[in-house]
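Here the structure is laid out as structure tokens; the discussion comes afterwards.
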Amino acid sequence: MDKKVLVAGGAGYIGSHTCMKLSESGYTPIVFDNLTNGHEEFVRWGLLERGDIRDPQRLAEVIAAHKPLAILHFAALIEVGDSVTNPLAFYENNVIGSLNLLQAAIKGGVNHVVFSSTCATYGLPETETLDETHSQKPINPYGRTKWIVEQAIRDYSDLLGLRAVMLRYFNAAGADFEGRIGEWHQPETHAIPIAIEAALGRRRDFKIFGTDYPTRDGTCVRDYIHVLDLADAHVRAVDYLLAGGKTEAINLGTGVGTTVKELLDTIRTVSGRAFPVEESARRPGDSTLLVADNKKAAALLGWAPRYGIEDIVRSAWNWHTKHNASH
Ligand code: UDP
């Protein structure tokens with residue numbers, strides 16, 4: 001039997017890599033995407049159903065047509081800075097759209113959901129590494145929209161029989177090693193693609209946002225996780241739900257922190273290129289240090305990250321050299 005799963009936002013960065021892994025694992029991904037930020041050429045593992053999660057009727061139609069075993073929900077606006085300047089769009093897409101999707105799932109008899117959440121739901125870290133019991137006090141509208149949906153999922157699980165895995169990503173990075181799909185945001189705000197574009201001469205320089213943080217070299221520490229490790233965890237989350245697993249929030253990170261300066265060193269080593277780096281002011285809203293405690297993912301999903309920062313940078317470099325986002 002065809003093991004169909006609906007992938008909302010499957011034409012985007014993490015969604016498309018997950019479709020690849022789902023397909024390799026015997027699932028048939030059906031991509032539901034409005035292509036606002038997604039890319040039609042990223043839909044290579046399954047068919048595309050064009051639609052918007054803000055459109056309940058279209059959601060109901062697609063769910064009725066395919067009767068998926070589970071829904072994976074990646075469709076969201078993700079730029080923290082945009083969420084501060086345009087909170088309406090974030091609440092409309094990330095909250096109203098997600099509630100539409102959850103309602104359509106329940107009404108359509110699909111009780112298994114994998115939801116893309118984020119370490120941004122934690123807010124300012126109170127401990128060296130963050131586990132899932134860390135307090136959740138998001139400090140920007142983006143984090144709050146994801147937190148609100150987590151609460152709805154818990155209520156729907158308790159009251160309506162939904163079972164869901166809420167995956168709290170740390171810093172997704174890297175790309176398919178064959179360079180077919182990769183990180184392609186417009187405009188780009190993330191550290192790795194920006195530094196690679198600087199190394200490729202497509203940008204004038206890389207600006208380090210703050211060198212006065214209380215860390216080993218003064219720059220922010222992040223837990224960069226390879227997008228293929230994320231994708232693998234999503235497939236495991238679907239398997240877990242189909243085997244009867246109950247609703248849980250699970251961190252996805254490597255447990256290893258990298259400073260911005262260490263990241264730049266890795267990019268210089270992997271690319272063999274030097275590029276201008278400017279030390280500039282802190283970016284408002286940045287946490288000093290965000291590193292995952294990933295024990296729960298190991299325990300519940302049998303998951304462990306396979307790739308480190310060098311693999312991440314090598315695969316991202318490969319993708320960006322092949323792909324010029326400005327075309
Ligand atoms: N960063 C930077 N310069 C840039 C973009 C990012 O110094 O042009 C830093 C940023 O302050 C943070 C880290 O790189 O400490 C990762 O930022 P990114 O935007 O990739 O992810 P975030 O952690 O904000 O989700």
Side-chain angles (χ1 to χ4, degrees), residues 12-14 37 74 76-85 90 94 116-125 129-130 138-147 167-175 182-227 230 251-268 275-292 309 312-313 315-317 319-320 325:
Y13 171 47
I14 305 172
N37 294 317
F74 299 91
L77 299 179
I78 58 159
E79 292 303 335
V80 171
D82 288 351
S83 80
V84 176
T85 53
F90 276 69
N94 296 6
S116 299
S117 190
T118 166
C119 65
T121 60
Y122 293 122
L124 299 176
T129 58
L130 303 172
I139 56 170
N140 50 58
Y142 167 67
R144 278 189 284 275
T145 61
K146 292 285 183 176
W147 179 83
L167 295 172
R168 296 183 186 149
Y169 311 154
F170 282 67
N171 285 59
E183 193 166 7
W184 179 10
H185 299 122
Q186 279 168 326
E188 190 52 77
T189 64
H190 293 103
I192 294 177
I194 288 180
I196 287 177
E197 285 172 10
L200 286 167
R202 295 177 192 160
R203 275 178 198 261
R204 205 157 45 98
D205 60 10
F206 180 89
K207 292 186 174 51
I208 303 179
F209 296 147
T211 51
D212 58 347
Y213 284 97
T215 61
R216 48 187 176 266
D217 62 17
T219 64
C220 289
V221 174
R222 291 291 180 273
D223 183 339
Y224 297 93
I225 173 168
H226 200 291
V227 66
L230 284 181
N251 282 341
L252 292 179
T254 62
V256 177
T258 303
T259 69
V260 177
K261 284 187 174 171
E262 289 164 355
L263 182 64
L264 296 176
D265 281 342
T266 309
I267 293 171
R268 279 187 281 262
F275 51 93
V277 171
E278 189 186 304
E279 298 195 351
S280 71
R282 290 184 178 196
R283 182 172 65 175
D286 273 344
S287 279
T288 304
L289 187 140
L290 289 170
V291 180
I309 194 68
I312 287 173
V313 169
S315 62
W317 174 256
W319 156 254
H320 285 279

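Just so you know, these numbers use all the heavy atoms, side chains as well, and skip hydrogens, waters and symmetry mates. Quick caveat, the model's predicted, so the values are computed rather than measured. Whatever order the structure lists them in is the order used to number ligands and atoms, beginning at 1.
Looking at I267 and F206, their side chains never come closer than 4.5 Å, going by heavy atoms from C-beta outward. Using a 4.5 Å cut-off on side-chain heavy atoms (C-beta onward), F275 and L200 make no contact. I208 is listed as a side-chain neighbour of V277, based on a closest heavy-atom distance under 4.5 Å.
Distances below 4.0 Å separate heavy atoms of Y224 from the following atoms of ligand 1: 13 (C), 16 (C). In summary, the atoms of ligand 1 found under 4.0 Å from a heavy atom of T189, numbered by their order in the structure, are 5 (C), 19 (O). Below 4.0 Å from some heavy atom of I208 lie the following atoms of ligand 1, by number and element: 7 (O).
By the 6.0 Å contact criterion, CZ on R204 is open, its count of non-hydrogen atoms from other residues, nucleotides or ligands being 12 or less.
Protein heavy atom at the shortest distance from atom 4 (C) of ligand 1 is F209 CE1, 3.3 Å. For atom 15 (O) of ligand 1, the nearest non-hydrogen atom of the protein is C220 CB, 3.0 Å. For atom 3 (N) of ligand 1, the closest non-hydrogen atom on the protein side is K207 O, 2.7 Å. Ranking the protein heavy atoms by distance from atom 11 (O) of ligand 1 puts D286 OD2, 2.6 Å first.
When I78, D82, N140, V80 are each tested for a side chain to side chain contact (heavy atoms under 4.5 Å, CB included) with F90, only one passes: D82.
Contacts of H320 classified as side chain to side chain donor-acceptor pair (under 3.5 Å), with partners at least two apart in sequence or in another chain: none.
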List the steps, then state whether side-chain contact (heavy atoms from CB on, under 4.5 Å) holds for L77 with T145.
-> CA-CA 10 Å; L77 299 179; T145 61; over 6 Å; no
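Neither the backbone nor the side chain of R282 has a heavy atom within less than 4.0 Å of ligand 1. For N171, every heavy-atom contact with ligand 1 shorter than 4.0 Å involves the side chain, none the backbone. Here R222 has side-chain heavy atoms under 4.0 Å from ligand 1, and that is the only part of it that gets that close.
In this structure, F170 has no heavy atom closer than 4.0 Å to ligand 1.
Look at E279 and K261 and you find a salt bridge, because one of the NZ, NE, NH1 or NH2 atoms lies within 4.0 Å of a carboxylate O, short of that distance.
One option in E278, R283, E279, R203 has a heavy atom closer to atom 17 (O) of ligand 1 than any other, and that option is R283.
Taking any N or O of A191, backbone or side chain, at least one lies under 3.5 Å from an N or O belonging to ligand 1. At under 3.5 Å, not a single nitrogen or oxygen of V260, backbone or side chain, sits near a nitrogen or oxygen of ligand 1.
Side chains of Y224 and T254: no donor on one and acceptor on the other come within 3.5 Å.
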